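This report concerns only the one structure given below.
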Amino acid sequence: MKNIKIAIGQINTTVGDLEGNSNKILSCMKEAASRDVDLIVFPELSITGYPPEDLLLKPHFIKENLRCLKNISQAAGDTIAIVGFVDEKEGDIYNSAAVIRDKKITCVYHKMHLPNYGVFDEKRYFKPGAENRLIRMKDYSFAVNICEDIWAEAKVFRKADFLINISASPYHIGKIKERERVIGRKAKISRMPIVYCNLIGGQDELVFDGRSTLFGRDGSVIAQAKAF
């Protein structure tokens with residue numbers, strides 16, 4: 001595998017502000033391209049903001065979110081972008097991650113493990129995904145999953161060079177250490193680096209602490225973004 005330059009777009013999204021969130025994504029993509037980044041990662045539901053709650057019951061909101069994703073994809077060049085959005089298939093909606101490159105959406109992953117405890121209410125809105133995806137590039141391959149998927153005992157991709165997890169993980173006391181322990185353990189068990197991208201900012205009573213992290217294959221923290 002060649003050396004890969006990865007950027008993390010740890011952005012502060014606003015729920016419902018599809019255009020504003022999209023502009024933040026596009027701005028980061030432009031900067032990443034100027035720095036010859038191979039791949040840039042954005043948080044869970046980065047187009048809609050998190051948690052979008054009952055906005056998800058409005059068909060026009062889903063449609064506009066998909067329009068924004070298409071516009072973002074049209075701006076993509078050689079730098080791969082992983083963007084969180086809401087996908088729609090046959091009347092069902094999915095918490096999703098799009099893999100974008102060269103003006104195309106090359107792959108879509110649907111979140112498989114939907115949290116439904118504490119501040120989370122995802123089973124009310126989303127249908128769970130059913131398929132893990134391995135994305136193959138010329139010189140490397142990687143897998144993508146979303147937030148809760150990394151906490152569950154999910155399938156380990158033995159053939160992937162690294163794993164990307166996009167997340168909207170709210171803060172509580174002890175959460176940062178718990179997160180590093182769980183994800184670090186997954187990296188160590190799978191012997192695979194993990195790129196963890198978290199949302200930052202606040203939404204009503206929720207605070208997202210950021211602290212996006214690159215874990216080495218031994219579970220150690222290699223690099224970490226700022227908190228709050």
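Note that the structure is a prediction, hence the values are computed from the model and not measured. Along the sequence shown, residues carry numbers from 1.
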Under a 3.5 Å threshold, yes or no: a donor from one side chain and an acceptor from the other, between Asp87 and His110? yes

Ion pair Glu88/Lys127, N-O distance below 4.0 Å: no

Could you tell me which non-hydrogen atom of Ala130 sits nearest to which non-hydrogen atom of Met112, and how far apart they are? C-CE, 3.9 Å

Asn95 side chain to Glu44 side chain, donor-acceptor N/O pair below 3.5 angstrom: yes

Do the side chains of Arg67 and Glu64 get close enough for a salt bridge, i.e. N-O under 4.0 angstrom? yes

Checking Asp218 side chain against Ser220 main chain: does a donor-acceptor pair fall under 3.5 Å? yes

Distance alone, cut at 3.5 Å: any donor-acceptor contact between the side chains of Tyr109 and Asp149? yes

Out of curiosity, Glu180 CD to Ile183 CD1, how far, rounded to the nearest 0.5 Å? 8.5 Å

In this structure, CZ of Phe61 is separated from CD1 of Ile93 (nearest 0.5 Å) by 9.5 Å

Do Val182 and Val221 sit in one hydrophobic cluster, given that two such residues count as connected whenever their side-chain heavy atoms are within less than 4.5 Å of each other, even indirectly? yes

With a 4.5 Å heavy-atom cut-off, do Phe142 and Leu163 have their side chains touching? no

Close side-chain approach of Leu56 and Ile62, heavy atoms under 4.5 Å: yes

Decide side-chain contact (heavy atoms from CB on, under 4.5 Å) for Trp151 and Arg179; before the verdict, give the C-alpha distance in whole Å, the side-chain angles of both, and the deciding distance to 0.1 Å. CA-CA 9 Å; Trp151 294 75; Arg179 187 189 298 142; 4.1 Å; yes

How many angstroms lie between CD1 in Ile11 and CG in Asn198, if you round to the nearest 0.5 Å? 11.5 Å

For residues Ile40 and Gly9, report the shortest heavy-atom separation together with the two atoms involved. CG1-N, 4.2 Å

With distance as the sole criterion, is a donor-acceptor pair present between the side chains of Ser73 and Lys103 under 3.5 Å? no

Please answer whether the main-chain N or O of Asn23 pairs with a side-chain N or O of Ser27 as donor and acceptor at a distance below 3.5 Å. no

Could you tell me whether the side chain of Ile166 reaches within less than 4.5 Å of the side chain of Pro43, counting heavy atoms only? no

Side-chain contact, heavy-atom cut-off 4.5 Å: Gln10 with Leu199? no

Spatial distance of atom CD1 (Ile194) from atom CG (Asn145) [nearest 0.5 Å]: 8.0 Å

Minimal non-hydrogen separation, Val37 against Leu39, with atom names: CG1-O, 3.1 Å

Please check if any side-chain donor atom of Arg211 sits under 3.5 Å from a side-chain acceptor atom of Tyr196, or the reverse. no

Residues, nucleotides or ligands: over 12 heavy atoms within 6.0 Å of Lys30 NZ: no

Which heavy atom of Pro170 sits nearest to which heavy atom of Val119, and what is that distance? CG-CG2, 4.0 Å

Of all heavy-atom pairs between Ala76 and Ile100, which one has the smallest distance, and what is that distance? CB-CG2, 3.3 Å

Answer yes or no: is there a donor N or O on one side and an acceptor on the other, between the side chain of Arg101 and the main chain of Asp78, under 3.5 Å? yes

Do Phe42 and Phe208 sit in one hydrophobic cluster, given that two such residues count as connected whenever their side-chain heavy atoms are within less than 4.5 Å of each other, even indirectly? yes

Does the side chain of Ile135 reach to within under 4.5 Å of the side chain of Met137, using non-hydrogen atoms? yes

Within a strict 4.5 Å, meaning less than it, do heavy atoms of the Leu214 and Ile6 side chains meet? no

With a 4.5 Å heavy-atom cut-off, do Ser46 and Phe85 have their side chains touching? no

If we ignore angles and hydrogens, is there a donor and acceptor under 3.5 Å between the side chains of Asp38 and Tyr140? no

Leu206 CG to His172 NE2 distance, which is reported to the nearest 0.5 Å: 11.5 Å

How about Phe126 and Tyr94: are their ring centroids closer than 6.0 Å? no

Could you tell me the separation between the NE2 atom of His60 and the CG atom of Asn65, rounded to the nearest 0.5 Å? 11.5 Å

Salt bridge (charged side-chain N to carboxylate O under 4.0 Å, His left out) assessment of Asp54 paired with Arg124: CA-CA 10 Å; Asp54 283 4; Arg124 178 183 180 188; 3.4 Å; yes

Identify the two heavy atoms, one from Thr13 and one from Tyr50, that lie closest to each other, and give their separation to 0.1 Å. OG1-N, 4.1 Å

If we only count heavy atoms from C-beta on, is the Thr79 to Asp36 side-chain gap below 4.5 Å? no

Does one side chain, of Gln224 or Thr213, offer a donor that lies under 3.5 Å from an acceptor on the other? yes

